[in-house]
Amino acid sequence: PYAKPSINKRRRGRGGGRVNAIQTLGFRTLMLVVHLGRLGVFVGRLARASVAPPSRVRRFVAEVFDAGVLSLPIVCLSGATVGAVLGFQSYVALARFGAEGSVGAVVGIALIREFGPVLTALLVTGRAGSAVAAEIASMVQTGQIDGLRMMSIDPMHFVVMPKAWGMLFAMPLLSALFIVFAIAGGYGVVVHLLGLDPGTYMTSLEDAVDFHDDVMQSLVKALVFGSLMASISTYRGYTSEPTSAGVSAATTGTVVVASVAVLLFDYALTTLWGV
């Protein structure tokens, strides 16, 4: 009873699908540019609020406690387990070539250059970054941000600035603790479980790690990742929709966007550092 569509209509249908795909890609690209621009403006406002009085020292200390001290258990435990696994796998792989004496060097370089700052950033993003975004988004939903404006209090200075600087300050310290516990975890497995001489492990670690190439690279990455997490989490919370769905979207978006940004910037920094 129904006639089949002609060949020309089918061709137009397929062409229309390609046009729609291109339109969708163009729209998403434009929205990405818009969000990057808004994020840049937001960071500029945050930088301006950071130099404006008063100092908000008490709120800064409270945010350091929330972002740093409360993240210690998961960071230290994860560091020990990652170091243990890395030490075990490195020993097994190097033992095939009779180079198990270099396990300390492999563990140290891998942890200090890459795993330490990257995994710490991902862990802190999932725990502290999402909490910051959810808290600010909840303040937007309940009208607390508008209430601060009505009382002539800049919410960017009173709420956002202490949280951003608290995360930025805590990130290098957490990364250093992650690396220390990871090296200790690798030491425990390789020395006490697999029987490698402790002097060999520590000597290879000390000989391989260079302050400029390794430690400074780790510190720069931790600071960059901390800046990314602070900017993205506060931006997503501050610009969220004043609904419960907006709070959920801000929290989820913070974890996704910050994690992807950390991985992308890690590749860029690693490449530029080696040039």
Side-chain angles (χ1 to χ4, degrees), residues 27-71 121 123-174 222-262 265:
F27 175 77
R28 291 182 178 178
T29 304
L30 289 176
M31 292 304 299
L32 175 61
V33 174
V34 169
H35 281 294
L36 289 177
R38 291 176 179 174
L39 178 60
V41 174
F42 179 84
V43 172
R45 293 178 58 192
L46 178 59
R48 185 174 59 186
S50 300
V51 297
S55 58
R56 310 288 185 190
V57 175
R58 296 183 63 180
R59 290 189 58 83
F60 168 74
V61 173
E63 297 301 333
V64 171
F65 177 83
D66 291 339
V69 177
L70 296 182
S71 299
L123 290 171
V124 175
T125 297
R127 202 218 68 82
S130 60
V132 167
E135 182 178 353
I136 298 178
S138 298
M139 296 180 70
V140 172
Q141 179 193 7
T142 56
Q144 297 180 52
I145 298 296
D146 293 333
L148 290 173
R149 294 194 184 100
M150 293 178 63
M151 293 186 293
S152 299
I153 299 176
D154 184 10
M156 182 67 67
H157 190 278
F158 186 78
V159 177
V160 176
M161 186 263 292
K163 293 182 181 297
W165 280 104
M167 292 187 65
L168 178 60
F169 181 82
M171 181 60 199
L173 303 178
L174 292 174
L223 290 174
V224 172
F225 298 161
S227 302
L228 287 173
M229 291 185 301
S231 303
I232 293 173
S233 61
T234 52
Y235 170 76
R236 296 287 299 191
Y238 195 78
T239 59
S240 64
E241 295 292 332
T243 60
S244 57
V247 176
S248 176
T251 305
T252 305
T254 295
V255 176
V256 174
V257 175
S259 299
V260 173
V262 165
F265 273 78

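Here the structure is a predicted model, which is why all the values come from computation and not from measurement.
- Closest approach of T125 and A258 over heavy atoms only: CG2-CB, 3.6 Å.
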Could you tabulate the donor-acceptor pairs under 3.5 Å formed by side-chain atoms of residues 133-144, not counting sequence neighbours?
{"unit_1": "E135", "atom_1": "OE1", "unit_2": "K163", "atom_2": "NZ", "d": "2.8"}
{"unit_1": "E135", "atom_1": "OE2", "unit_2": "K163", "atom_2": "NZ", "d": "3.1"}
{"unit_1": "S138", "atom_1": "OG", "unit_2": "A134", "atom_2": "O", "d": "2.7"}
{"unit_1": "T142", "atom_1": "OG1", "unit_2": "S138", "atom_2": "O", "d": "2.8"}
{"unit_1": "T142", "atom_1": "OG1", "unit_2": "Q144", "atom_2": "NE2", "d": "3.0"}

Show me, pair by pair, the donor-acceptor contacts under 3.5 angstrom made by side chains of residues 39-52, not counting sequence neighbours?
{"unit_1": "S50", "atom_1": "OG", "unit_2": "L46", "atom_2": "O", "d": "2.7"}
{"unit_1": "S50", "atom_1": "OG", "unit_2": "W165", "atom_2": "NE1", "d": "2.7"}

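- The minimum heavy-atom distance linking L174 with A67 is given by the pair CD1-O, 3.8 Å.
- With sequence neighbours excluded, the residues satisfying side chain to side chain donor-acceptor pair (under 3.5 Å) with D146 are R149.
- Taking all atoms of both residues into account, the shortest heavy-atom contact from G68 to A170 is CA-CB, 3.8 Å.
- What you find for G226 and L168 is that their closest heavy atoms are C-CD1, 3.9 Å.
- Within the 4.5 Å cutoff, no side-chain heavy atoms of S55 are placed close to those of F60.
- In this structure the side chain of R38 reaches within 4.5 angstrom of the side chain of Y235, judged on heavy atoms.
- When V255, V262, V256, V257 are each tested for a side chain to side chain contact (heavy atoms under 4.5 Å, CB included) with S259, only one passes: V255.
- When side chains are defined from C-beta on, L223 counts as touching P172, because their heavy atoms get closer than 4.5 Å.
- G166 and V64 get closest at one heavy-atom pair: CA-CG2, 3.8 Å.
- Geometrically, R59 engages F158 in a cation-pi contact, judged by NZ or CZ lying under 6.0 Å from the ring centre and within 45° of the ring axis.
- Counting heavy atoms from C-beta on, the side chains of R58 and P162 never come closer than 4.5 Å.
- Note that CE of M161 is 6.5 Å distant from CZ of R56, once rounded to the nearest 0.5 Å.
- A pairwise comparison of heavy atoms in S130 and T251 identifies CB-CG2, 3.7 Å as the closest pair.
- With hydrogens and angles ignored, the 3.5 Å screen pairs no side-chain donor or acceptor of T252 with any backbone N or O of A249.
- Counted within 6.0 Å of CE on M150, heavy atoms from surrounding residues, nucleotides or ligands total 12 or fewer; the atom is thus considered open.
- To the nearest 0.5 Å, atom CZ of residue R127 and atom CG of residue D66 are 7.5 Å apart.
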